[in-house]
Amino acid sequence: MNKVLVTGGAGYIGSHTAIELIKKGYEVIIVDNFSNSEPSSLDRIKKITRKDVPFIFGDLKDRNVISKIFESFNDIDTVIHFAAFKAVGESVAEPLKYYNNNILSLINLLYSMKQYNVPNLIFSSSCTVYGQPDELPVTEDTPLKPASSPYGNTKKISEDIITDFINSGNYIKSIILRYFNPVGADISGDNGELPQGIPNNLLPYITQTALGIRECLNVYGNDYDTHDGTAIRDYIHVSDLANAHIDSMRYLSNKSAPFCDIFNIGTGEGYSVLDVINSINKFLDRPLPYKIVNRRPGDVEKIWADNTKAKNTLNWFPKFNLDDMTSSSLNWEKKFRGTL
Ligand code: UFG
């Protein structure tokens, strides 16, 4: 069975992926510097899986950190690389922080993978690389638009770095996954998203509002060209997303798999902000308080995935619907805050 290094494994998507990997019998090693996560995340992984996961505290901007891991665990077969900054607004305010962290970490990782003959990489990219596409849904061949934030640009540049590196000598094989909007929580309610400070993203803001931690949700714009005027996204349950990494690993182990391939990971369904509110309202005693405010600068109007390629090639099928996503997020928030 493969031994997998999960960078950023204490984070939201990383921890859910570690859980799915361990459940399926993979050996997992986590490296994280807790820049946007907490040590308690490791306890939650242990609670759900009943397994101790080897953990290395470290920052991938230091290449020695990665080299030491590959030396200590000399048969790592796959790296799943989540470790990166991801706040769009912060990246506009502090672009160098984003380029330095997200790009340098990846370059260090690729150098070390080559040096230590680690053959497989799965990389977290984002549908942000599509910008506002001219046609929907987006396929992997939809032309990319210039990134609307330094964060988005780091994902675009990272995709190019990986592709160029592979084309230069086939040292590794890689799958690039373009995530749509990951939401939801482990079905146990024992692991979920834990943003630091005021949440930027919709679901954690909604669940915190539902519990009275925030007064009211601001809905950014109701004058978009959509069925109810609010912006549309393709929300994907984080555990479905986690399993896409495992299906990608299986695919990479197939000798006929190309050296580099890209997949959209979304459900293929677009939902508006009001659709999401209507969904969570099914699980609340009183309707979620919200008000319509101006559009958020940089937001795209609507995007959803054509996920045919992931279904046909990776044999990956999302299982959870929107109500599963909102109810699992709420369940996690309640359990975490001790109100369940
Ligand atoms: N929204 C609100 N109120 C909020 C938060 C969000 O109305 O308080 C709306 C946004 O305007 C948007 C939708 O909810 O229409 C989703 O917003 P998120 O912030 O949850 O997600 P984004 O689509 O903006 O961003 C996500 C990821 C990014 C990624 C981007 C790619 O968080 O990392 O998708 O489109 F780059």
Side-chain angles (χ1 to χ4, degrees), residues 8 11-14 36 82-92 98 102 123-133 136-138 142 144-159 177-184 193 195-210 213-238 241 264-267 269-280 288-305 322 325-326 329:
Y12 173 46
I13 307 174
N36 191 26
F82 295 105
F85 293 151
K86 62 171 188 177
V88 175
E90 186 188 45
S91 79
V92 175
Y98 272 68
N102 293 4
F123 179 71
S124 311
S125 188
S126 163
C127 68
T128 193
V129 298
Y130 296 114
Q132 177 58 67
L136 288 165
V138 283
T142 295
L144 306 187
K145 293 277 174 70
S148 66
S149 71
Y151 157 75
N153 212 20
T154 66
K155 291 299 175 190
K156 170 74 179 71
I157 294 169
S158 297
E159 289 193 0
L177 299 179
R178 291 181 179 155
Y179 309 155
F180 282 67
N181 283 55
V183 295
E193 190 167 6
Q196 292 175 338
I198 301 172
N200 289 312
N201 297 117
L202 182 63
L203 250 295
Y205 208 106
I206 285 181
T207 53
Q208 290 194 11
T209 307
I213 300 163
R214 311 275 156 212
E215 214 170 289
C216 176
L217 171 75
N218 288 326
V219 174
Y220 298 130
N222 68 348
D223 56 352
Y224 287 111
D225 180 19
T226 62
H227 62 274
D228 59 21
T230 64
I232 291 183
R233 297 288 183 277
D234 183 336
Y235 297 93
I236 171 81
H237 193 286
V238 67
L241 174 58
N264 284 341
I265 304 296
T267 62
E269 304 276 346
Y271 290 105
S272 72
V273 178
L274 293 183
D275 290 335
V276 178
I277 295 173
N278 289 335
S279 168
I280 194 111
L288 190 90
Y290 72 86
K291 63 174 187 290
I292 307 290
V293 299
N294 287 338
R295 292 181 178 193
R296 184 170 65 176
D299 270 354
V300 301
E301 180 169 81
K302 50 189 164 188
I303 186 162
W304 61 93
L322 185 64
M325 300 180 210
T326 55
S329 289

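Computed from a prediction, not measured in an experiment: that's the story for all the values here. Indexing begins at 1, ligand by ligand and atom by atom, following the structure's order.
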If you take all heavy atoms of Gly152 and Val129, which pair is closest and at what distance?
O-CG1, 4.5 Å
With Arg178, which residues qualify under side-chain hydrogen bond (donor to acceptor under 3.5 Å, both in side chains), at least two apart?
Tyr130, Glu159
With side-chain contact (heavy atoms from CB on, under 4.5 Å) as the criterion, how do Tyr98 and Lys86 come out once you've worked through the C-alpha distance, each side chain's angles and the decisive distance to 0.1 Å?
CA-CA 8 Å; Tyr98 272 68; Lys86 62 171 188 177; 5.7 Å; no
Please tell me whether Thr230 and Asn222 have a donor and an acceptor in their side chains that are separated by less than 3.5 angstrom.
no
Cation-aromatic face contact Arg295/Tyr224, 6.0 Å, 45 degrees:
yes
Does the pair Glu269 and Trp304 meet the rule for a side-chain contact (heavy atoms from CB on, under 4.5 Å), with working shown?
CA-CA 6 Å; Glu269 304 276 346; Trp304 61 93; over 6 Å; no
Amino acids in close contact with ligand 1, where any non-hydrogen atom sits under 4.0 angstrom away:
Lys86, Ser126, Cys127, Thr128, Tyr151, Asn181, Asn200, Asn201, Leu202, Leu217, Asn218, Val219, Tyr220, Ala231, Arg233, Tyr235, Val273, Arg296, Asp299
